[in-house]
Trainee: 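Can you read through this structure? Questions will come right after.
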Amino acid sequence: AQRVTQPEKLLSVFKGAPVELKCNYSYSGSPELFWYVQYSRQRLQLLLRHISRESIKGFTADLNKGETSFHLKKPFAQEEDSAMYYCALLNYGGATNKLIFGTGTLLAVQP
Amino acid sequence: DAGVIQSPRHEVTEMGQEVTLRCKPISGHNSLFWYRQTMMRGLELLIYFNNNVPIDDSGMPEDRFSAKMPNASFSTLKIQPSEPRDSAVYFCASSFGARFGELFFGEGSRLTVL
């Protein structure tokens with residue numbers, strides 16, 4: 001079954017430390033993966049998608065098909081990165097394409 | 001554009017009462033999604049519409065939940081009768097073409113059922 005797993009509910013780091021938010025997926029086809037972010041009192045919004053191979057706000061994510069992972073990384077965390085992060089998988093089902101989210105990881109960056 | 005608009009932002013009701021949540025998608029978007037967010041289960045897709053037609057309602061918990069989209073600019077999610085376990089944040093999102101995975105979310109409706 002298609003599934004997204006985020007093993008950490010909470011990740012606490014100090015400002016300037018590296019960050020890695022883990023995401024593993026289960027999908028039978030070629031996956032299309034995304035990271036969404038929800039800052040305090042703001043809407044859930046798209047952060048980045050793997051097909052774009054982009055870096056947004058210093059974050060990058062590499063798809064590793066061998067390990068079925070799509071971890072989100074940033075070399076130096078900032079306090080403003082504190083937010084809830086969701087990994088998501090686009091499940092192609094013919095007429096029923098839909099986005100499946102993980103349970104989310106709360107990133108807390110301490111000063 | 002003000003983005004996806006949801007109402008009410010907060011709803012507190014008693015068990016057994018009917019709850020109606022409303023959503024106005026972004027103009028021009030042809031797909032609309034209802035998600036439920038809880039601490040334990042994260043974001044769960046309840047139902048989604050494409051061109052006002054329900055495409056996949058497999059995530060709707062049970063018959064107490066129903067959703068409609070009478071036109072391209074309005075959708076409702078109704079719970080009748082409500083139960084305490086329905087307490088959650090309900091998000092509406094819209095997109096232009098579900099295939100691309102870029103959803104635009106509303107601010108959510110926080111429901112508390114006592």
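Worth knowing before you read on, the calculation uses all heavy atoms, side chains too, and leaves out hydrogens, waters and symmetry mates. Lettering of chains follows the sequences in order, A, B, ..., and the numbering in each one begins at 1.
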Trainee: Quick one, A:Tyr86 with B:Gln37, criterion side chain to side chain donor-acceptor pair (under 3.5 Å). Give me CA distance, side-chain angles, the key distance, then yes/no.
Mentor: CA-CA 12 Å; A:Tyr86 289 94; B:Gln37 182 188 47; 2.5 Å; yes
Trainee: Can you say whether A:Gln38 sits under 4.5 Å from chain B via the side chain, the backbone, both, or neither, judging by heavy atoms?
Mentor: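 Just its side chain gets close to chain B.
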Trainee: Hey, is OH on A:Tyr39 packed in by over 12 heavy atoms from elsewhere, all under 6.0 Å?
Mentor: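 Counting other residues, nucleotides and ligands, OH of A:Tyr39 exceeds 12 neighbours.
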Trainee: Report the distance from atom CG of B:Leu103 to atom CZ of A:Phe101, rounding to the nearest 0.5 Å.
Mentor: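 B:Leu103 atom CG to A:Phe101 atom CZ measures 5.5 Å (nearest 0.5 Å).
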Trainee: What part of B:Phe91 is in contact with chain A, defined as an atom under 4.5 angstrom from a non-hydrogen atom: side chain, backbone, both or neither?
Mentor: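 Answer is side chain: those atoms of B:Phe91 sit under 4.5 Å from chain A.
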Trainee: Could you see if A:Tyr27 belongs to whatever hydrophobic cluster contains A:Leu63? Use Ile, Leu, Val, Met, Phe, Trp, Tyr and a side-chain cutoff under 4.5 Å.
Mentor: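 Yes, A:Tyr27 and A:Leu63 fall within the same hydrophobic cluster.
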Trainee: What verdict does the side-chain contact (heavy atoms from CB on, under 4.5 Å) test give for A:Arg43 and B:Val4, after you've listed the backbone C-alpha separation in whole Å, the side-chain angles of each residue and the deciding distance to 0.1 Å?
Mentor: CA-CA 10 Å; A:Arg43 301 170 188 236; B:Val4 176; 4.2 Å; yes
Trainee: Can you establish whether the number of heavy atoms outside A:Glu80 located under 6.0 Å from its atom CD is more than 12?
Mentor: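 Yes.
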Trainee: Rounded to the nearest 0.5 Å, how far does CG of A:Leu90 lie from CD of B:Glu102?
Mentor: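 The distance works out to 12.0 Å.
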Trainee: Are more than 12 heavy atoms, taken from residues, nucleotides or ligands other than B:Glu14, located less than 6.0 Å from that residue's CD atom?
Mentor: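 No, not enclosed.
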Trainee: Is there a continuous path of hydrophobic side-chain contacts, each under 4.5 Å between heavy atoms, that joins B:Phe74 to B:Ile5?
Mentor: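 B:Phe74 does not cluster with B:Ile5.
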Trainee: Is any side-chain heavy atom of A:Lys98 closer than 4.5 Å to a side-chain heavy atom of B:Ile55?
Mentor: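 Heavy-atom side-chain distance check fails, nothing below 4.5 Å.
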Trainee: Tell me, side chain or backbone of B:Leu45 under 4.5 Å from chain A's heavy atoms, or both, or neither?
Mentor: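 B:Leu45 touches chain A through side-chain heavy atoms alone.
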Trainee: When rounded to the nearest 0.5 angstrom, what is the spacing between CE in B:Met39 and NZ in A:Lys9?
Mentor: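 Nearest 0.5 Å value for the CE-NZ distance: 6.0 Å.
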Trainee: Taking CG in B:Asn71 as the centre, count heavy atoms belonging to other residues, nucleotides or ligands within less than 6.0 Å. Is the count above 12?
Mentor: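 More than 12 heavy atoms, drawn from other residues, nucleotides or ligands, come within 6.0 Å of this atom.
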Trainee: If you look at every heavy atom in B:Tyr35 and A:Leu99, which pair is closest and at what distance?
Mentor: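 Looks like OH-O, 2.8 Å.
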Trainee: Going only through I, L, V, M, F, W and Y residues with side-chain contacts under 4.5 Å, is there a path from B:Leu111 to B:Met15?
Mentor: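 Yes.
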Trainee: Taking side chain as everything from C-beta outward and backbone as N, CA, C, O, which of these in B:Ser58 sits under 4.5 Å from a heavy atom of chain A? Side chain, backbone, both or neither.
Mentor: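 The side chain, not the backbone.
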Trainee: Hey, any chance B:Phe33 and A:Tyr36 share a hydrophobic cluster, counting ILVMFWY side chains that come within less than 4.5 Å of each other, even indirectly?
Mentor: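 Same cluster: B:Phe33 reaches A:Tyr36 through Ile, Leu, Val, Met, Phe, Trp or Tyr contacts under 4.5 Å.
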Trainee: Go through A:Ile100, A:Leu44, A:Leu89, A:Leu46 and name the one with the most non-hydrogen pairs under 4.5 angstrom from chain B.
Mentor: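 Among A:Ile100, A:Leu44, A:Leu89, A:Leu46, the one with the most close pairs to chain B is A:Leu44.
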